[in-house]
Amino acid sequence: MNVLIHSSSSNLEKPSAARERILRTAHTLFYREGIRSTGVDRIIAEAGVTKVTFYRHFPSKNDLILAFLDYRHHLWMDWFQDALQRYGHNLPSITRALQEWFADPAFRGCAFINTLGEMGNSMPLVAQKTLQHKAELCKIIENLLPDNSDKADNARAIAMAMDGAIIRAAWGEPEQALHGFNQLVEGVCRLTP
């Protein structure tokens, strides 16, 4: 699909090449297999770095988890905004973007929802980063809506419905998820001038 799911290792090496390799490896493993089931030793081995190098860049696994969420946020938002542009940059373009994402064989739901579910209250910063990610998503959706007094409320409702569709698709029901989400989007389109 794109860099969203398949973070390429063919990128030009940057000054912090080891850090980037660790982060790309963690991104792939955390998203595909989960955070708790992915140990630091495996990330070190697959990234091809030493323990000293790993801990120089990420003093703890918690530091890596937070960096993973930042990394994922930027990858996903870049992809999402690009997808919206490709599909017409309007409210229905969200459904088409979700359809594209759900069809990707690497799709495993929302990395933020998954991480929050795994970490629970043990890492309050995960909840904070999740809220920041979802707030930025709401702003993007809000920019697709016509100006009126319900714009912010409608954007929040669509974002919540999007979360529900993502969860439902991760359960293995992408068609039902898209159908339900699209029904909501069509209803909002009919209500807004």
Side-chain angles (χ1 to χ4, degrees), residues 1-11 16-80 83 97-137 159-178 180-181:
M1 175 177 159
N2 55 46
V3 71
L4 167 67
I5 301 300
H6 308 291
S7 51
S8 170
S9 59
S10 65
N11 294 342
S16 58
R19 183 182 194 284
E20 290 298 313
R21 276 196 322 274
I22 294 165
L23 202 47
R24 284 193 311 261
T25 301
H27 174 265
T28 299
L29 293 173
F30 285 169
Y31 185 71
R32 184 179 63 212
E33 299 176 20
I35 289 172
R36 292 193 187 273
S37 65
T38 303
V40 168
D41 288 340
R42 182 166 177 211
I43 294 168
I44 288 169
E46 292 198 22
V49 298
T50 65
K51 283 189 179 193
V52 170
T53 300
F54 176 88
Y55 286 110
R56 183 175 351 115
H57 293 289
F58 302 100
S60 71
K61 186 175 180 181
N62 286 356
D63 292 318
L64 180 59
I65 292 166
L66 297 175
F68 153 70
L69 290 175
D70 289 338
Y71 186 75
R72 180 65 180 196
H73 171 77
H74 293 291
L75 286 175
W76 197 89
M77 286 300 186
D78 287 348
W79 168 81
F80 185 61
L98 289 177
Q99 183 175 25
E100 177 183 313
W101 186 29
F102 296 171
D104 189 297
F107 172 76
R108 201 179 150 272
C110 172
F112 289 85
I113 293 170
N114 296 347
T115 302
L116 190 58
E118 279 195 71
M119 303 312 295
N121 294 329
S122 66
M123 281 185 70
L125 287 176
V126 168
Q128 181 182 338
K129 287 190 177 291
T130 300
L131 289 172
Q132 290 168 344
H133 173 75
K134 298 301 181 179
E136 189 171 324
L137 178 62
M160 284 192 347
M162 216 173 132
D163 284 339
I166 292 166
I167 292 168
R168 185 89 183 250
W171 289 348
E173 299 179 339
E175 294 83 17
Q176 294 91 333
L178 288 167
F181 179 77

| request: Any chance you could lay out the side-chain contact (heavy atoms from CB on, under 4.5 Å) test for Ile113 and Leu116, step after step, and finish with the verdict? | output: CA-CA 5 Å; Ile113 293 170; Leu116 190 58; 5.8 Å; no

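Considering only residues two or more places apart in sequence or on other chains, Arg19 meets the side-chain hydrogen bond (donor to acceptor under 3.5 Å, both in side chains) condition with none of them. By the side-chain hydrogen bond (donor to acceptor under 3.5 Å, both in side chains) test, Lys61 is found to be paired with no residue, residues two or more places apart in sequence or in another chain being considered. Under the side-chain hydrogen bond (donor to acceptor under 3.5 Å, both in side chains) criterion, His133 pairs with His73, not counting sequence neighbours. Asp163 pairs by the side-chain hydrogen bond (donor to acceptor under 3.5 Å, both in side chains) definition with Lys134, not counting sequence neighbours. Residues passing the side-chain contact (heavy atoms from CB on, under 4.5 Å) test with Arg42, sequence neighbours excluded: Leu29, Arg32, Glu33, Glu46. With sequence neighbours excluded, the residues forming a side-chain contact (heavy atoms from CB on, under 4.5 Å) with Ala26 are Phe30, Ile43, Leu64, listed by chain and number. Listed by chain and number, the residues in a side-chain contact (heavy atoms from CB on, under 4.5 Å) with Ala83 are Trp79, Arg86, Tyr87, Ala97 (sequence neighbours excluded).
Residues Ala170 and Arg108 come closest through the heavy atom pair CB-C, 4.4 Å. Ala111 and Thr115 get closest at one heavy-atom pair: O-OG1, 2.7 Å. Nearest heavy atom pair, residue Ala177 against residue Ala165, reads CB-O, 3.2 Å. Summarising the geometry of Thr38 relative to Gly34, their closest heavy-atom pair is OG1-O, 2.7 Å, with the distance given to 0.1 Å. Between Arg72 and Gly109, the shortest heavy-atom contact is NH2-O, 4.4 Å. Contact detail for Thr53 and Ala18: the closest heavy-atom pair is CG2-CB, 3.7 Å.
Between Phe107 and the choices Trp76, Tyr31, Phe102, the ring-ring contact (aromatic ring centres under 6.0 Å, His included) rule is met once, by Phe102.
To the nearest 0.5 Å, atoms CD1 (Ile65) and CZ (Phe58) are separated by 11.5 Å. Within the model, atoms OH of Tyr55 and OG1 of Thr50 stand 11.0 Å from one another, a figure rounded to the nearest 0.5 Å. Taking CG from Leu178 and CH2 from Trp101, the interatomic distance works out to 11.5 Å, rounded to the nearest 0.5 Å. The CZ atom of Phe80 sits 4.0 Å away from the CE atom of Met162 when rounded to the nearest 0.5 Å. The distance from atom CZ of Phe54 to atom NE2 of His57, rounded to the nearest 0.5 Å, is 10.5 Å. Taken from CD in Gln132 to CG in Leu137, the straight-line distance is 13.5 Å, to the nearest 0.5 Å.
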Could you list the donor-acceptor pairs under 3.5 angstrom formed between side-chain atoms of residues 118-129 and any protein atom two or more places apart in sequence or on another chain?
unit_1	atom_1	unit_2	atom_2	d
Glu118	OE1	Ile35	N	3.1
Glu118	OE1	Arg36	N	2.8
Glu118	OE2	Ile35	N	2.8
Ser122	OG	Met119	O	2.5
Lys129	NZ	Asp70	OD1	2.8
Lys129	NZ	Asp70	OD2	3.3

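Screening residues 166-178 for side chain to side chain donor-acceptor pair (under 3.5 Å), with sequence neighbours left out, gives Arg168-Glu173.
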